[in-house]
Protein chains: 2
Amino acid sequence: MIATPLQAPDRLSPTFAALADPTRRAILARLSAGERSVTELAEPFEMSLPAVSKHLKVLERAGLIARGRDAQWRPCRLTGGPLKDVADWVEGYRRFWAESFDRLDDYLREMQKQTKKVRKKEKTNGRQQSGN
Amino acid sequence: MIATPLQAPDRLSPTFAALADPTRRAILARLSAGERSVTELAEPFEMSLPAVSKHLKVLERAGLIARGRDAQWRPCRLTGGPLKDVADWVEGYRRFWAESFDRLDDYLREMQKQTKKVRKKEKTNGRQQSGN
């Protein structure tokens, strides 16, 4: 069954779009340590406050952060809901990377077997040569 | 520690950008059942082949799908690597949604306690009133 687009309110698309930027992901990483003001968030990025505010608006619209009500400070904090949606979505594909690693594992095991065979052959040949 | 943008090759951003579209996620859902040709993929979407091809190119650039070498058919298949990166990234934030649910749980438990208290009080009051 395929969910055809625009059937239900699509909350995943704005979440993924918000996460598709390294600065926004770095902002989330900073917020994972606790609430921060916009000024505090702007600090490590050598970025203007308006530029950071723009990123925060994208994160806020996706529900990834919430802002405090204090008009002076309005601290930002991370909200987990949309990240849970991402985790649930990606979980449905787990077998694809698990399978890939299984296949790599099979390949490495096969390689090991071949190497052992070659070594054994070399050893036998060596003994035969020294016997000659 | 915050990874500043553009420090390392950023593979997550194109992955998240590719996933920020419901049609592309639906294509991945279809491919999770097995290889499909572009024509087969286009079928359920009432979409032109060029439109589907455009989506496939975005998915392919992000490494989310691979195309077969057969020039005639070039079947698409899902590749798990970038999805594992997404799962690993989001895993780092698990405590945020686990915590949210813990907090909701605490809140509901507190509500329940309050409701019980109110009911007990009502019962006692009722008894006192019927006693009068």
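Throughout, protein chains are lettered first and strands after them, A, B, ... in sequence-line order, and every chain is numbered starting at 1. What you see is a predicted model; the values in this text were computed from it and never measured.
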A:Arg30 side-chain N/O to A:Glu40 backbone N/O, donor-acceptor pair under 3.5 Å | yes
Does any N or O in the side chain of A:Arg77 come within less than 3.5 Å of the main-chain N or O of A:Ala66, such that one atom is a donor and the other an acceptor?
-> no
Most heavy-atom pairs under 4.5 Å with chain B, out of A:Leu28, A:Val86, A:Thr15, belong to A:Leu28
Counting heavy-atom pairs under 4.5 angstrom with chain B, the leader among A:Ala87, A:Ser32, A:Gly92, A:Ala17 is A:Ser32
Quickly, which of B:Leu64, B:Leu59, B:Leu83, B:Ile27 forms a side chain to side chain contact (heavy atoms under 4.5 Å, CB included) with B:Leu78? Name it, please.
-> B:Leu83
Heavy-atom proximity to chain A below 4.5 Å, by part of B:Arg25 | both
Audit row: B:Asp21, B:Val58, side chain to side chain contact (heavy atoms under 4.5 Å, CB included) steps and yes/no = CA-CA 10 Å; B:Asp21 181 280; B:Val58 177; over 6 Å; no
